[in-house]
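Please read the structure below before turning to the comments.
Chain letters run A, B, ... following the sequence lines, proteins first and then strands; every chain starts at 1. Basis for what follows: all heavy atoms, side chains included, without hydrogens, waters or symmetry-related copies.
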Protein chains: 2
Amino acid sequence: MARTACSGALVQQPDPLRAMVSIRDVSIAAGVSIATVSRAIGNPDRVSKATREKVLRVVDALGYSPNLVARSLRSQQSKLIIVLVTNIANPVLSGCIRGIEKVAQGLGYSVLLGDTQNDDTIEARYLNLLSARQADGVIQLSYRQHGKVDELILSSNPDAAVVNACACLDAAPCPSVGVDDVGAARAMTEHLLGLGHKRIAVMTGPDESPHSRDRMFGYRLQLRAAGIAFDDALVIRGEFTMKSGSEAAAKILELKDRPTALFCFNDEMAIGAIQKLTGLGLRVPQDISVAGFDDIPFSAYANPALTTIYQPAEEMGAVAMKLLDQRLCGETEIKTVTLPTELRVRQTTAPPGTA
Amino acid sequence: MARTACSGALVQQPDPLRAMVSIRDVSIAAGVSIATVSRAIGNPDRVSKATREKVLRVVDALGYSPNLVARSLRSQQSKLIIVLVTNIANPVLSGCIRGIEKVAQGLGYSVLLGDTQNDDTIEARYLNLLSARQADGVIQLSYRQHGKVDELILSSNPDAAVVNACACLDAAPCPSVGVDDVGAARAMTEHLLGLGHKRIAVMTGPDESPHSRDRMFGYRLQLRAAGIAFDDALVIRGEFTMKSGSEAAAKILELKDRPTALFCFNDEMAIGAIQKLTGLGLRVPQDISVAGFDDIPFSAYANPALTTIYQPAEEMGAVAMKLLDQRLCGETEIKTVTLPTELRVRQTTAPPGTA
DNA sequence: CCAAAAGCGGAAAACGTTTACATAAGAACC
DNA sequence: GGTTCTTATGTAAACGTTTTCCGCTTTTGG
């Protein structure tokens, strides 16, 4: 198991001079009781103006700041919330986090960010903080494997405060916020069809990913609406990474009747694919159109600039945090919020045969 | 100040059925004292085998997990460390974080990630967790404005456990880890000079950034070593973002004697610059070479692939965490670790006049 | 001017652990 | 067979808050 810190030796904290100044020190210095100090800080209107000012002056002079651990223990809430992420570097997720932080701040929470790297052990370690009361709630931002953690938490503790963001909407047994993957994929497919493409390949993510599944569903739905038969050969499997996008794109050239467009289920894969296709001598979009999903910041600066679907990542995080706060305040209704996406047409898509 | 959670109403946590099972419940169920339960869990060799097993069985049966808040309060350490980041989305920083997490896990710490967004208020809020004993230490990953926070913490509490990573090496009043920005910049400049470039423009970051300053220093040093005079007109100011890189690059064309190479002090700016230069009709690298710094994952997939300096981000984080742990265990020596960088020549640099 | 209410502040009981100290029972020693 | 050393456990005191009772003033209303 976890190695003991500092080379296995059990070292006692020296903690020299400067002991922490406690509420007791303040109370003595101010000549009032501990309770009064506590009230002066936390319930200002429960003490007289004179006392309050006297206490606050001493607080300032002594540089006192309340021990939050003790406060947590007593008041049974830590004002800490955990955000579980599979990958911090994912731009959609980091946008989401930013939204969470903003709202959290206003509500007086601090956020504990856990990068799980899709590792169950790490995940469990963070969840343990929840049941150990070191955190009040969890926002689950798992991009793939959604639902696993939620279930894990909820099965062991049905009262746990969990909110799911960036996840598919149906499976969540808890409040959640997300986008309409199906609709967005339809919009993109419609865009490509509208340009005149008939053979549109798709690059999916892992099969377990609900995003992958929903976007695929939207693609097929729109294809059908246009009266075009779905062709299984046009489905390429990726991993939501640039590397996998690059590798998978090579398969495009092996297809007998080469598709004129490629719809990648995220931007990273699209970028990888474009690199490979360009390297193989195809021009984008003249020889083949490529579209992405997410609109990560880089996509606008790619060469050529990527046509994609924008997701309101930051807002998603903000809503998630609000839902969690409501949950923490006793709200029991399980709300589901869906935010709108936006098709952003840039330079990687064009009518077929523009050469 | 911070709005009270849940629309200002002070709602009491309902916390219905299923009260948390405490150590007392376990002790009763196991027929031993609280102390024994505590020991069975924390100091297994202080109790007899029989009792230990009996206790652990009950722990399992009751699903008990120790309240970490109480433990923190008593033992004066939270096993939580805070990582302060100016921007989660920065690939170098997120790599660093990954390294931190890996080491932290092995040492039994959880990491609390704070995205400060360069906002002093947010920064202060996280630092408050430190002085409020809700966290044991801080790793400061500030990419720009380095040193500010360190000083802030240390001035109010000289004993605070702070480690600085990704920062310049000289200014830190605390243990730190980083790379040799000067040497790396020299290496890149040498590479460009070696290709035959005489007029090499640089795109810097903000003046306050120590990285910016050090890389500039390395550039000038190597220039002088090659007997080339430094030309102030070739210095373009950026903001370490793609947007600023794109905007600043336009100035290149306004220079009378156009430089044949552009050394950007990070990859994002290089990518922005390339987009702009290409858009303006210049070919990279035939008409102008462009180099970056950092080697973010995208750089290898850019079109053309970016020549840059690789930084061992993950290792940097790992070392930082180790330093912090040592500090937490009483080590007082202020160590400074410098990790090696690596020049990665790809497609955006070539001899001048290759056209 | 008196009863009731309101305002203010103190004492002390939690919150759930860890751990120093005490106790008791064997084991080991001469 | 007493003394001393271990070993195993229990008792109770922290850790630093918040908050529930109270009691003491002061105001208010009649």
Side-chain angles (χ1 to χ4, degrees), chain A residues 10 12-13 15 19-56 58-59 62-80 108 128-129 131-134 136, chain B residues 10 12-13 15 19-55 58-59 62-79 128-129 131-136:
Chain A
L10 197 60
Q12 206 62 353
Q13 207 74 317
D15 210 75
M20 211 60 192
V21 27
S22 82
I23 198 174
R24 154 157 277 118
D25 303 322
V26 176
S27 79
I28 294 175
V32 297
S33 77
I34 289 183
T36 303
V37 176
S38 176
R39 280 188 282 249
I41 292 170
N43 293 60
D45 33 336
R46 305 280 301 151
V47 300
S48 75
K49 188 153 174 280
T51 336
R52 187 193 329 146
E53 282 171 354
K54 181 173 56 178
V55 169
L56 293 183
V58 174
V59 164
L62 267 51
Y64 167 72
S65 82
N67 182 319
L68 296 183
V69 174
R71 178 180 289 176
S72 279
L73 179 59
R74 167 64 217 215
S75 56
Q76 303 288 47
Q77 49 174 305
S78 61
K79 282 301 186 178
L80 233 50
N128 189 38
L129 295 184
S131 54
R133 296 289 190 226
Q134 215 167 11
D136 292 343
Chain B
L10 196 60
Q12 207 62 354
Q13 208 70 319
D15 210 76
M20 212 59 192
V21 26
S22 83
I23 198 174
R24 152 157 280 117
D25 302 322
V26 176
S27 80
I28 294 174
V32 296
S33 78
I34 288 183
T36 302
V37 176
S38 176
R39 281 189 280 251
I41 293 171
N43 292 60
D45 32 339
R46 308 277 302 148
V47 299
S48 75
K49 189 153 175 280
T51 332
R52 185 189 335 143
E53 282 172 354
K54 180 174 57 180
V55 169
V58 174
V59 164
L62 264 53
Y64 166 72
S65 81
N67 182 320
L68 295 184
V69 173
R71 177 180 289 175
S72 280
L73 179 59
R74 168 65 216 214
S75 56
Q76 303 288 45
Q77 50 174 303
S78 60
K79 282 301 186 178
N128 189 38
L129 295 184
S131 54
R133 297 290 191 225
Q134 215 166 12
D136 292 341

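For the pair B:Arg52 (side chain) and B:Pro44 (backbone), a donor-acceptor distance under 3.5 Å is present. Listed for the A:Ser78 side chain is no donor-acceptor partner under 3.5 Å among the backbone atoms of A:Ser72.
In this structure, A:Ile41 places its CD1 atom 14 Å from P of C:dG9, rounding to the nearest Å. Between B:Arg46 atom CZ and C:dT18 atom P the separation is 14 Å, expressed in whole Å. If you take CG of A:Asp45 and P of C:dC8, they are 10 Å apart, rounded to a whole angstrom. A straight line from CD of A:Gln77 to C1' of C:dC15 spans 13 Å, rounded to a whole angstrom. The CG atom of A:Asn67 sits 17 Å away from the P atom of D:dA14 (whole-angstrom rounding). The distance from atom CD1 of A:Ile23 to atom P of D:dT19 is 11 Å, rounded to the nearest whole Å. Taking atom CE on B:Met20 and atom P on C:dA14, their separation rounds to 21 Å, with Å as the unit. A:Gln134 has its CD atom 15 Å from the C1' atom of C:dC15, to the nearest Å.
Nucleic acid contact for B:Val32: sugar-phosphate only, since backbone atoms but no base atoms lie under 4.0 Å from a heavy atom of the residue. Among the protein residues, B:Leu68 comes within range of no part of the nucleic acid, since none of its heavy atoms lies under 4.0 Å from any strand. Among the heavy atoms of the strands lying under 4.0 Å from B:Ser48 are primed sugar atoms or P, OP1, OP2 only; no base atom is included. Across all strands shown, A:Thr36 has heavy atoms under 4.0 Å from sugar-phosphate atoms exclusively, and none from any base.
Here the CD1-CG distance, from A:Ile34 to A:Asp25, works out to 9.5 Å after rounding to the nearest 0.5 Å.
Side-chain proximity of B:Ser33 to the nucleotides C:dT19, C:dA12, D:dG10 is greatest for D:dG10. Here the nucleotide nearest the side chain of B:Tyr64, chosen from C:dA11, C:dT17, D:dG16, is C:dT17. Considering only the side chain of A:Val47, C:dG9 comes nearest among C:dT19, C:dG9, C:dT18. Between C:dG16, C:dT17, D:dA8, one nucleotide has an atom nearer to the side chain of A:Leu73 than all others, and that is C:dG16. Picking from D:dG16, D:dT19, D:dT9 the nucleotide with the shortest atom distance to the side chain of B:Arg39 gives D:dT9. With distances taken from any side-chain atom of A:Arg74 to the nucleotides D:dT18, D:dC21, C:dT17, the minimum falls on D:dT18.
An OP1 or OP2 oxygen of D:dA14 is reached within less than 4.0 angstrom by no side-chain nitrogen or oxygen of B:Gln76. OP1 or OP2 of C:dG9 sits under 4.0 Å from a side-chain N or O of A:Thr51.
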Using the side chain to side chain contact (heavy atoms under 4.5 Å, CB included) rule, take B:Asn67 and B:Ser22 through it: C-alpha gap first, then chi angles, then the decisive distance, then the call. CA-CA 8 Å; B:Asn67 182 320; B:Ser22 83; over 6 Å; no
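Nearest-nucleotide mapping onto DNA chain D: of B:Ala70 and B:Arg52, the residue sitting toward the 5' end is B:Arg52.
Atom CZ of A:Arg46 has 12 or fewer neighbouring heavy atoms from other residues, nucleotides or ligands inside a 6.0 Å radius.
Between B:Lys79 and B:Leu68, the closest side-chain pair of non-hydrogen atoms is not below 4.5 Å.
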